[in-house]
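Have a look at the structure below, then the notes.
So you know, we letter chains A, B, ... as the sequences are listed, proteins then strands, and number each from 1. Not measured: the values here are computed from a predicted model.
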There are 2 protein chains.
Amino acid sequence: MANRMGYLSCLDTVKPVRDAIEVINGKWKLPIIISVMTGNERFTDIQESIPGITPKVLAKELKDLEQHQLIKRVVIEDYPVRILYKPEPYADTLTPIIEALKGWGLNHRRRIFSKA
Amino acid sequence: MANRMGYLSCLDTVKPVRDAIEVINGKWKLPIIISVMTGNERFTDIQESIPGITPKVLAKELKDLEQHQLIKRVVIEDYPVRILYKPEPYADTLTPIIEALKGWGLNHRRRIFSKA
DNA sequence: TATTCCACTTTCCTTTTGGAAAGCACTTTA
DNA sequence: TAAAGTGCTTTCCAAAAGGAAAGTGGAATA
């Protein structure tokens with residue numbers, strides 16, 4: 001028997017959107033990328049620029065982002081050793097997503113307050 | 001003593017982005033919105049249009065999306081009763097986000113395959 | 001010498017998310 | 001009459017995400 005297949009296929013959009021979500025999932029990845037792209041380079045600075053993030057979460061997310069080649073961890077052999085996080089060029093490709101989310105978030109907040 | 005405040009503030013961007021993420025968080029919300037906006041109206045059709053989603057998760061996410069006024073649940077008093085999910089106009093405002101994610105996801109997949 | 005800074009790690013715990021499977025009340029279809 | 005469809009809910013459970021707090025080892029600072 002053939003499939004029912006009564007539904008409309010939306011896989012052309014759903015699949016790539018899911019691929020993107022897999023990379024930038026969670027509460028923290030985009031905030032971290034934004035912070036690093038803004039110019040924060042050191043662990044403590046990144047941490048302090050993002051309210052509420054704990055060092056454990058930050059360390060884990062930084063590793064994830066490095067694996068996806070969105071940031072790189074640079075070790076400066078000095079006394080003492082310094083560690084810097086820099087955005088990779090690939091991180092720039094996320095700018096349209098970040099801008100779209102920022103615009104939507106600003107509008108959403110206005111919408112919520114105008115109701116209340 | 002004054003704060004260290006050595007970091008660069010990125011809150012102007014981080015805060016609205018976080019507001020947006022809070023609404024569309026998780027693996028499923030955007031796929032469901034895409035499916036409903038494509039024209040899938042019935043529970044089973046939405047479920048079948050999104051590979052891997054279970055009825056439990058779909059039911060819960062539909063409720064969340066209804067609360068955020070992104071979709072509405074319409075009860076048609078027929079014999080038998082039919083239930084339809086329709087996009088609210090507010091869902092349209094997510095289109096730029098969806099398009100940005102779709103474009104990035106397509107490019108990301110090409111990038112991954114060209115390396116391998 | 002004591003404190004602070006830096007970049008984390010470790011432990012413990014709670015919450016959230018997700019998945020598999022079954023069930024249910026009803027209706028339609030074969 | 002039996003099977004299948006509809007729109008879910010329920011139960012059980014595993015994995016992932018997230019948070020609080022403390023610790024660590026070296027180096028710089030007061």
Side-chain angles (χ1 to χ4, degrees), chain A residues 1-8 14 18 21-33 35-36 40-68 71-86, chain B residues 1-8 14 17-18 21-32 35-36 40-68 71-86:
Chain A
M1 212 184 282
N3 249 3
R4 221 180 45 90
M5 187 49 187
Y7 61 87
L8 298 162
V14 166
R18 288 190 55 168
I21 289 173
E22 255 180 63
V23 175
I24 57 165
N25 61 356
K27 285 166 68 175
W28 302 113
K29 291 207 183 64
L30 286 178
I32 292 166
I33 287 172
S35 177
V36 172
N40 292 302
E41 300 190 313
R42 313 203 47 178
F43 192 92
T44 312
D45 287 341
I46 299 166
Q47 190 187 329
E48 287 174 4
S49 74
I50 301 171
I53 199 167
T54 61
K56 188 187 83 169
V57 169
L58 178 56
K60 187 237 174 201
E61 300 288 50
L62 284 171
K63 281 173 194 153
D64 284 4
L65 294 173
E66 216 193 327
Q67 279 208 358
H68 285 296
I71 60 172
K72 61 170 177 279
R73 186 179 186 269
V74 182
V75 182
I76 302 205
E77 293 294 354
D78 222 347
Y79 299 101
V81 183
R82 284 199 307 146
I83 291 170
L84 301 183
Y85 293 93
K86 309 246 195 187
Chain B
M1 208 185 285
N3 248 2
R4 223 180 43 90
M5 186 53 187
Y7 61 87
L8 299 163
V14 165
V17 166
R18 287 190 56 168
I21 289 173
E22 252 180 64
V23 176
I24 57 164
N25 60 357
K27 287 165 68 173
W28 302 112
K29 290 206 182 65
L30 286 177
I32 292 167
S35 178
V36 172
N40 292 302
E41 300 191 313
R42 314 205 45 182
F43 192 91
T44 313
D45 287 341
I46 299 167
Q47 189 185 331
E48 287 175 2
S49 74
I50 301 171
I53 199 166
T54 61
K56 189 187 82 168
V57 169
L58 179 55
K60 186 236 175 203
E61 300 287 49
L62 284 171
K63 281 172 196 155
D64 284 5
L65 294 173
E66 216 192 328
Q67 280 210 355
H68 285 295
I71 61 172
K72 62 169 178 282
R73 185 178 187 270
V74 183
V75 181
I76 301 205
E77 294 293 354
D78 222 348
Y79 300 102
V81 183
R82 284 196 308 146
I83 292 168
L84 302 182
Y85 294 93
K86 308 246 196 188

Could you list the residues that satisfy side-chain contact (heavy atoms from CB on, under 4.5 Å) with [X], not counting sequence neighbours?
X	result
B:Arg42	B:Asp45, B:Arg82, B:Leu84
A:Pro55	A:Phe43, A:Gln47
B:Glu77	B:Val75, B:Val81

Check side chain to side chain donor-acceptor pair (under 3.5 Å) between A:Ser49 and all other residues, then give those that pass, not counting sequence neighbours.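 A:Ser49: side chain to side chain donor-acceptor pair (under 3.5 Å) contacts with A:Ser35.
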Sequence neighbours left out, what passes side chain to side chain donor-acceptor pair (under 3.5 Å) with A:Lys86? Give chain and number order.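 Partners of A:Lys86 by the side chain to side chain donor-acceptor pair (under 3.5 Å) criterion, ordered by chain and then number, come out as A:Glu41.
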Closest to the A:Arg42 side chain: D:dT6, C:dA7, D:dC8?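 Closest nucleotide to the A:Arg42 side chain: C:dA7.
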Find the distance [X]:[atom1] to [N]:[atom2] and express it as a whole number of Å.
X	N	atom1	atom2	value
B:Leu84	D:dC8	CG	P	10 Å
A:Leu58	C:dC6	CG	C1'	13 Å
A:Ile83	D:dG25	CD1	C1'	13 Å
A:Gln47	C:dC5	CD	P	13 Å
A:Phe43	D:dG25	CZ	C1'	16 Å
B:Ile76	D:dG7	CD1	P	11 Å
A:Asp45	C:dA7	CG	P	8 Å
B:Tyr85	D:dC8	OH	C1'	8 Å

Can you tell me how far CG of A:Leu65 sits from CH2 of A:Trp28, rounded to the nearest 0.5 angstrom?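 Taking CH2 in A:Trp28 and CG in A:Leu65, the distance rounds to 13.5 Å.
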Angle between the two end axes of the helix from C:dT1-D:dA30 to C:dA30-D:dT1, five base pairs per end, rounded to 10 degrees?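 That helix gives 0° between its end axes.
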Side-chain heavy atoms of B:Ile53 within contact of B:Ile32, under 4.5 Å: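 They are in side-chain contact.
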Under the salt bridge (Lys or Arg N to Asp or Glu O under 4.0 Å) test, which residues partner A:Lys29, sequence neighbours left out?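 Residues passing salt bridge (Lys or Arg N to Asp or Glu O under 4.0 Å) with A:Lys29: A:Glu61, A:Asp64.
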Each nucleotide of nucleotides 17-30 of chain C classed B (base within 4.0 Å of a protein heavy atom), S (only sugar-phosphate) or -, in 5' to 3' order, makes SBBB------SS--
Check whether any side-chain N or O of B:Arg73 sits under 4.0 Å from OP1 or OP2 of D:dC8, and answer yes or no.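 Indeed, a polar side-chain atom of B:Arg73 lies that close.
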Looking at B:Ile83 and B:Arg73, what are the two nearest heavy atoms and their distance?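 The pair with the smallest heavy-atom distance is CD1-NH2, 3.3 Å.
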